[in-house]
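Quantities reported herein were computed from a predicted structural model and do not represent experimental measurements.
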Amino acid sequence: MPEYDFVVLGHSHAIAFLDGVTDWRQHSAPNTSTPKDPRYSEAYQGWRSGAFPAEVLAVNVTEPGLRSRRLLARLISRTSSFKTGVEFVERDGRTKLQIQPQFLDVLRELPANTPIVSFMHGNEHARMMLGHLPPYDFIDPEVADINPSSDAVPIDTMFIDQVIDAWLAVVAPTLTAIKAITGSRVIHVLPPAPVENPQSSSYLEKLEAFVLEYGFAPDPIRLKWYRRYCRLLSMVLEANGCEVLPPPANTVTREGFLKSSLSGGLTHGSSEYGKHIARALEEKIWSGKS
């Protein structure tokens, strides 16, 4: 019987999940020497100042009603010295993965035959949630609304996809490397949907200055970017043998936005959101659905 039910690898979006259903905070001494950053909720204090554990943690599942009991978790702060850089490179006429040695070592040390749940990256689309561009719109099949503004410039989706391709070039090689090196089942958790009423968010994260200057893009535009990004990323990952977990239906409004009650900041979910993710993950893992 495997020692761990699954492995969690992730950047900041993993915190909501770990806070929601595990005892991982017992492994992390709070950093009281660094002043609090008002841009972030309590859960993310120290994320950008290196206060989070920089090693693999064995954690226990504490949320009642879940089948999982013990997990292996590796949080990767964007400000840590640990690098997860992975990219596709052309060599001898073939496309190959180039992986940072530190990340390669971590992947090789993960337990065999244990599902890997990824919360890697996830905020690539965040700046397009802002109102920093002249009025524009584009057609996406999942969001019917068109900007009624007479001066909104229609943008061909070819150009939209060029922007998204740059985001995919950050995420897709990383997940492809995880799958290729470990050979394990890999499930990538998509980031939360854009939060409803973002102007009411208590924590604006590192986008605070931009929000104060530009405000937010119209709701349909925010949703179009997010859904198109998630759809294209899902297609790429599934083509490379990975699975994808979208936000659970009960975490979003009828229109498709993250419920403000489940928000942990402008772009992150709360621990309660993490509980919803945990239940959806278990259904996917234990049912064997792909």
Side-chain angles (χ1 to χ4, degrees), residues 11-13 15-16 35-45 47-49 78-79 119 121-168 170-171 190-233 246-247 251-270 272-273:
H11 291 109
S12 58
H13 288 292
I15 294 174
K36 287 191 174 182
D37 187 337
R39 299 174 301 174
Y40 292 89
S41 65
E42 192 65 32
Y44 295 90
Q45 292 299 318
W47 178 252
R48 304 194 69 80
S49 60
R78 292 289 182 90
T79 57
F119 291 84
H121 303 290
N123 271 6
E124 290 70 33
H125 63 289
R127 288 205 177 189
M128 298 312 295
M129 303 296 105
L130 300 172
H132 61 301
L133 297 172
Y136 70 97
D137 206 346
F138 61 94
I139 295 175
D140 187 84
E142 291 189 34
V143 185
D145 290 347
I146 296 294
N147 191 333
S149 173
S150 60
D151 57 351
V153 176
I155 305 296
D156 192 302
T157 51
M158 175 181 68
F159 299 106
I160 300 297
D161 288 351
Q162 286 177 356
V163 175
I164 295 177
D165 282 346
W167 304 342
L168 303 186
V170 174
V171 187
L190 294 173
V195 67
E196 64 174 339
N197 303 319
Q199 64 277 3
S200 300
S201 179
S202 300
Y203 303 102
L204 299 179
E205 304 177 6
K206 67 176 184 177
L207 294 174
E208 180 179 31
F210 297 100
V211 170
L212 294 176
E213 183 174 359
Y214 300 113
F216 294 97
D219 284 354
I221 295 294
R222 294 193 299 126
L223 200 57
K224 286 179 183 182
W225 277 111
Y226 170 78
R227 287 191 171 173
R228 196 170 189 89
Y229 163 67
C230 288
R231 187 170 67 251
L232 296 180
L233 176 60
T251 66
V252 298
T253 66
R254 182 180 63 181
E255 294 78 14
F257 295 97
L258 175 66
K259 295 177 180 178
S260 56
S261 59
L262 298 176
S263 169
L266 188 60
T267 67
H268 292 88
S270 65
E272 191 63 31
Y273 179 79

- Message: Can you classify the ring geometry of His11 versus His121 as parallel (below 30°), tilted (30 to 60°) or perpendicular (above 60°)?
- Response: tilted
- By salt bridge (Lys or Arg N to Asp or Glu O under 4.0 Å) - contacts of Glu213 (at least two apart): none
- The residue among Asp161, Ile155, Asp156, Ile160 that forms side chain to side chain contact (heavy atoms under 4.5 Å, CB included) with Met158 is Asp156
- What are the two closest non-hydrogen atoms of Gly269 and Ala16, and how far apart are they? O-CB, 3.3 Å
- Message: Side chains of Tyr136 and Ile221, heavy atoms from C-beta outward: is any pair under 4.5 Å?
- Response: yes
- Query: With distance as the sole test, does Arg227 use its side chain to make a donor-acceptor pair with the main-chain N or O of Ala193 at under 3.5 Å?
  - Reply: no
- Which pair of non-hydrogen atoms, one from Leu204 and one from Val211, has the smallest distance, and what is that distance? CD1-CG1, 4.0 Å
- Item | Interatomic distance, Asn197 atom CG to Phe216 atom CZ [nearest 0.5 angstrom] | 10.5 Å
- Item | Min side-chain heavy-atom separation Leu207-Tyr214 under 4.5 Å | no
- Query: Which residues satisfy the side-chain hydrogen bond (donor to acceptor under 3.5 Å, both in side chains) test with Glu196, sequence neighbours excluded?
  - Reply: Ser260
- Message: Which residues pass the salt bridge (Lys or Arg N to Asp or Glu O under 4.0 Å) test with Arg127, not counting sequence neighbours?
- Response: none
- Query: Do Tyr203 and Leu266 have side-chain heavy atoms sitting under 4.5 Å apart?
  - Reply: no
- Message: Does this structure show an ion pair linking Arg228 with Glu142, if we count only N-O contacts that are shorter than 4.0 Å?
- Response: no
- Does any non-hydrogen side-chain atom of Leu133 lie less than 4.5 Å from one of Met128? yes
- Item | Glu272: partners by salt bridge (Lys or Arg N to Asp or Glu O under 4.0 Å), with sequence neighbours left out | Lys275
- Tyr226 (side chain) donor-acceptor with Met129 (main chain) under 3.5 angstrom: no
- Heavy atoms of Ser201 and Gly265 approach each other most closely as OG-C, 3.8 Å
- When Pro198, Pro192, Ser263, Pro194 are each screened for side chain to side chain contact (heavy atoms under 4.5 Å, CB included) with Phe257, the one that passes is Pro194
- Tell me, please, which residues at least two apart from Asp165 pass side-chain hydrogen bond (donor to acceptor under 3.5 Å, both in side chains). none
- Query: How far apart are the C-alpha atoms of Lys36 and Glu42, what are their side-chain angles, what is the distance that settles it, and do they pass the side-chain contact (heavy atoms from CB on, under 4.5 Å) test?
  - Reply: CA-CA 8 Å; Lys36 287 191 174 182; Glu42 192 65 32; 2.9 Å; yes
- For the side chain of Glu205 and the backbone of Thr267, is there at least one donor-acceptor N/O pair under 3.5 Å apart? yes
- Item | Separation between NE2 of His268 and OH of Tyr44, rounded to the nearest 0.5 Å | 5.0 Å
- Item | Leu223 side, atom CG; Asp140 side, atom CG - distance, nearest 0.5 Å | 8.5 Å
- Taking C-beta and beyond as the side chain, do Val163 and Trp225 meet within less than 4.5 Å on heavy atoms? yes
- Item | Step-by-step side-chain contact (heavy atoms from CB on, under 4.5 Å) determination, Phe138 to Lys224 | CA-CA 8 Å; Phe138 61 94; Lys224 286 179 183 182; 3.4 Å; yes
- Message: Working to the nearest 0.5 angstrom, can you tell me the gap between Leu190 CG and Tyr229 OH?
- Response: 7.5 Å
- Would you please indicate if the ring centroids of Tyr40 and Trp47 are separated by under 6.0 Å? no
- So do Leu168 and Ile164 actually touch side chain to side chain, heavy atoms under 4.5 Å? yes
- Item | Side chains of Trp167 and His125 in contact at under 4.5 Å (non-hydrogen atoms) | yes
- Item | Listed partners of Thr157 passing side-chain hydrogen bond (donor to acceptor under 3.5 Å, both in side chains), at least two apart | none
- In short, Pro191 meets Pro247 closest at the heavy-atom pair O-CG, 3.7 Å
- Min side-chain heavy-atom separation Lys259-Thr253 under 4.5 Å: yes
